[in-house]
Amino acid sequence: MKLSDARKNAVTAATNWNRLSPNGKGTGAEQQQPQRVDEYFGCDVFSLRVMRQRLPKDIFQRLMRTIQFGEGLDAQVADVVANAMKDWAIELGATHYTHWFQPLTGLTAEKHDTFVLPDGEGGMVYALTGSDLCQGEPDASSFPSGGLRATFEARGYTAWDATSPAFVVRGDKTVTLCIPTAFVSWTGAALDKKTPLLRSMDALSKQAMRVLKLFGTDEGVHRVYTTVGAEQEYFLIDRNLYYARPDLVAADRTLFGARPPKDQQLEDHYFGSIPPRVLAFMAEVEQELYRVGVPVKTRHNEVAPGQYEIAPLFENSNVACDHQMLLMETLKRVAPRYGLQAILHEKPFAGINGSGKHNNWSMSTDTGVNLLDPREETHTNRQFLVFLCAVIRAVDLHADLLRAAIASAGNDHRLGANEAPPAILSIFLGDMLTDIIEQIEKGARKRTLKGGAIDLGASSLPQIPRHSGDRNRTSPFAFTGNKFELRAVGASATAAWPNTVLNTIVAESLDYVATEIEKGLGVRPKASKLDDTVDKLLRQIVHEHKRVIFNGDNYASAWHKEAEKRGLPHARDTVDALPVLQARKASRLFSKYKVLDKAELESRANAFMEKYVKQMTIETESMVMIARQAILPAALQHQRNLADALGAVEAVGLDSDRQRDELQDFVALVDEFTATTDKLAAINGDDTEDAFKHSRAIQKKAKPLMIKLRDLGDRLETLVANDLWPLPSYRDMLFIK
């Protein structure tokens, strides 16, 4: 497609949609809204409500014990559940089922099998057995394993995760039952993102229950869950323009592109009116998510033009991470119906805000008590303060692991820019909690700061409550009322791995806290001794780990200097961050809490670095291809036009010094662009089987050349005639909506 055609089609598509009502079909105001959302949109999730209706009471109760308490699932229950799930899916039009799992690619995977089987009498029947439900066997050799499995060792297993509800996915002419599963090798080693997450949740629950028991608040509590609500940022551009950009198609980000005169500097896009075509897209995304039980809450324009956000409600971490994968897949799947392309890369456009996934994390009992809720008179709430200080200790001791959990080639472009948290992990607590922490260190807690109310000064406006502390959008790990927000997770990343690491390091810290309290209480603990023991421990933790608390501007260069003085780790990119996963400290931690053994952890380090190397190789090769096949021909044609114009001026005897100087400068720029392209092309052949050594070579050799080549290419874009430039501009992609 020619650039002119792409622009024309994009403008036409946007114009047509903007003439329609916000949902593209009419307001729908005449329709009466039903009481239940799933009755309106339909229910495509095998929810507790559906199971309660379709399963015998005793089978349902036994399954719930598996889901809630982790009890084993016997064959009889599996057979009955499988048959009910099959009947339900067929009624919705399903013909196939799949074990839906999350390999180390960071995406989801599925192999579809039909329900239809021969009946032995020349006919066909629908069937799904308990063994089909519980176990599948995809090929394990073609997924990343980081060295856990050789190519010839192909056998792998998927195992049904009963704690995450099954759902159906609808295509144009297909309906498929998707069964969330774990993915392991023939040896039982975890090859996915789900298995370690579930293990980490078990580890944290075990240690949190010890703390609750010490405080005597464990009555009726069987388990502590971590909860997650992950806000998702993304870009939308017209699909015609997307396919006219080979860098977006190959790398999901622009490798060249001059910044337009207007982008986000007027701050007029954030929370602005949502364009009609985008709003229609958002509405359909939400409808599809509601059908499969994903509870999304918020939609709005983000800071950059063409950037948007969708935010879900809180759920059990495992289910929330599954739903995050469904959310990202749904964004990608629905966008083309509206002539759009959803881009989840962390930094698709240089010079403007990138996209993150704000991971809101907390801990809750299975009775619904949020353990990170400060409540009134927080300074007297010792149990809350123990959990709070355990998290502070965990982040301080294992900031390097948490940094590695958010490392990726895409996130390297975002972290540390004046739009996202820096690569230094610190904690924001706000005024109220910081004041209490300072009181703890001094040895006495006497007050909890109150927020009060805000009088807006107009009688028609209500007085609104003021929170006891402000929010800090620059902090990578901020306390926001009753949860922590890990704001540094990349938009394209699965939420499972960062939450696995977070759960594990907090489990270790809760283990330490529980052990120290138990030691302080002695063999025959007395209730009167608990307060003194806890107060002493809290003071110790604050004294040893307060360095990680920072409430100021995380973007400021002064903080980077201060963080260095405090001894906080600062891994600036993926190449520096991932090696910590190979350290003995990390291996001991994950092995102790049975989240990952040494081989499983090492496999992830290798797989993540291999992915980094492959992504960067794709980018360097794409840059060379675009430079040689698109930009250079356009620049040379512009150069010929300048030369022809100069010759025409000189032929009639007019002054041509300025044009000659412009031509000479342009020729020098083209020569430098060509030479830099050749250097980058030569480096692309330098590789090694060791991904960590290869990544160092990319860091030292390729990345500086990529930065230089981009700068030269972007300068050419500002000089070459618009009708010659072969790529859609930032102005086209960001503002055609």
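Nothing fancy with the numbering, it's 1 onward along the sequence.
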Under 4.0 Å between a Lys/Arg side-chain N and an Asp/Glu carboxylate O for [X] and [Y]?
X	Y	answer
D322	K194	yes
K703	E619	no
E441	K546	yes
E602	K598	no
E71	R65	yes
R696	D576	yes
R210	D218	no
R393	E544	no

Ignoring hydrogens and angles, tell me if any N or O in the side chain of [X] forms a donor-acceptor pair with the backbone of [Y] under 3.5 Å.
X	Y	answer
T158	G136	yes
E233	G356	yes
T365	V369	yes
D597	S591	no
N411	A407	no

Query raised in the report: How far apart are the C-alpha atoms of S603 and N606, what are their side-chain angles, what is the distance that settles it, and do they pass the side chain to side chain donor-acceptor pair (under 3.5 Å) test?
Result: CA-CA 5 Å; S603 75; N606 292 332; over 6 Å; no
Query - Test applied, side-chain contact (heavy atoms from CB on, under 4.5 Å); reference residue, D396; option that passes from I427, L568, L425 - result: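 Running side-chain contact (heavy atoms from CB on, under 4.5 Å) over I427, L568, L425 with D396 returns exactly one hit, L568.
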Could you state the interatomic distance from [atom1] ([X]) to [atom2] ([Y]), rounded to the nearest 0.5 Å?
X	Y	atom1	atom2	answer
N482	L372	CG	CG	8.0 Å
F477	L429	CZ	CG	10.0 Å
Y593	L510	OH	CG	9.0 Å
K213	E518	NZ	CD	8.5 Å
Q582	F692	CD	CZ	3.5 Å
I541	I437	CD1	CD1	9.5 Å

So, [X] and [Y]: side-chain donor and acceptor under 3.5 Å apart, yes or no?
X	Y	result
N316	T163	no
D202	S205	no
H99	T181	no
T574	D412	yes
T217	Q383	yes
D192	T195	yes
D573	Q699	yes
E231	N360	yes
T494	Q324	no

Mind listing the closest non-hydrogen atom pair of [X] and [Y] along with its distance?
X	Y	answer
R547	R566	O-NH1, 2.7 Å
L537	E516	CD1-CB, 3.9 Å
A404	V580	CB-CG1, 3.6 Å
G293	E315	O-OE2, 4.3 Å
A405	V501	CB-CG2, 3.7 Å
D79	G130	OD1-N, 2.8 Å

Query raised in the report: Is E564 atom CD crowded by more than 12 heavy atoms from other residues, nucleotides or ligands, each under 6.0 Å away?
Result: no
Query raised in the report: Quick one: which of N472, N551, T474, N554 gives a side chain to side chain donor-acceptor pair (under 3.5 Å) with S426?
Result: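 Checked N472, N551, T474, N554 against S426; only one passes side chain to side chain donor-acceptor pair (under 3.5 Å): N554.
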Measure the shortest side-chain to side-chain distance between [X] and [Y] over non-hydrogen atoms and say whether it is less than 4.5 angstrom.
X	Y	answer
R223	M201	yes
F479	V391	no
H345	S355	no
T105	P144	yes
V542	I392	no
F387	V513	no
S317	Y225	no
Q540	H543	no

Report task. On the 0 to 90° scale, with breaks at 30° and 60°, tag the W361-F484 ring pair as parallel, tilted or perpendicular. Result -> tilted
Report task. Could you check whether the rings of F69 and H222 sit parallel, tilted or perpendicular, using 30° and 60° as the cut-offs? Result ->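 Because their plane-to-plane angle lies in the 30° to 60° range, the rings of F69 and H222 count as tilted.
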Query raised in the report: Taking only residues two or more places apart in sequence, or in another chain, which ones meet Y157 in a ring-ring contact (aromatic ring centres under 6.0 Å, His included)?
Result: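 Partners of Y157 by the ring-ring contact (aromatic ring centres under 6.0 Å, His included) criterion come out as none, since no residue qualifies.
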Query raised in the report: Do F101 and F143 have their ring centres less than 6.0 Å from each other?
Result: yes
Report task. Begin from the C-alpha positions of L486 and H358 and carry the test side chain to side chain contact (heavy atoms under 4.5 Å, CB included) through to its verdict. Result -> CA-CA 6 Å; L486 178 58; H358 301 164; over 6 Å; no
Requested in this report: Go through E346 and S492 one step at a time and tell me if the side chain to side chain donor-acceptor pair (under 3.5 Å) criterion holds.
Outcome: CA-CA 7 Å; E346 287 73 19; S492 67; 2.7 Å; yes
Query - salt bridge (Lys or Arg N to Asp or Glu O under 4.0 Å) between D511 and K206, worked out - result: CA-CA 9 Å; D511 182 4; K206 179 180 178 180; over 6 Å; no
Requested in this report: Go through R588 and E508 one step at a time and tell me if the salt bridge (Lys or Arg N to Asp or Glu O under 4.0 Å) criterion holds.
Outcome: CA-CA 11 Å; R588 285 199 301 261; E508 185 276 334; over 6 Å; no
Report task. Begin with the C-alpha distance, continue with both residues' side-chain angles, and end with the deciding distance and a verdict on salt bridge (Lys or Arg N to Asp or Glu O under 4.0 Å) for E600 and R604. Result -> CA-CA 6 Å; E600 288 173 325; R604 276 147 184 80; 5.7 Å; no
**Report entry** Under the side chain to side chain donor-acceptor pair (under 3.5 Å) test, residues paired with N370 that sit two or more places apart
**Finding:**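 Expected list: S362.
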Report task. Please lay out, stage by stage, how T480 and K483 fare under the test side chain to side chain donor-acceptor pair (under 3.5 Å). Result -> CA-CA 6 Å; T480 54; K483 63 189 185 302; 3.0 Å; yes
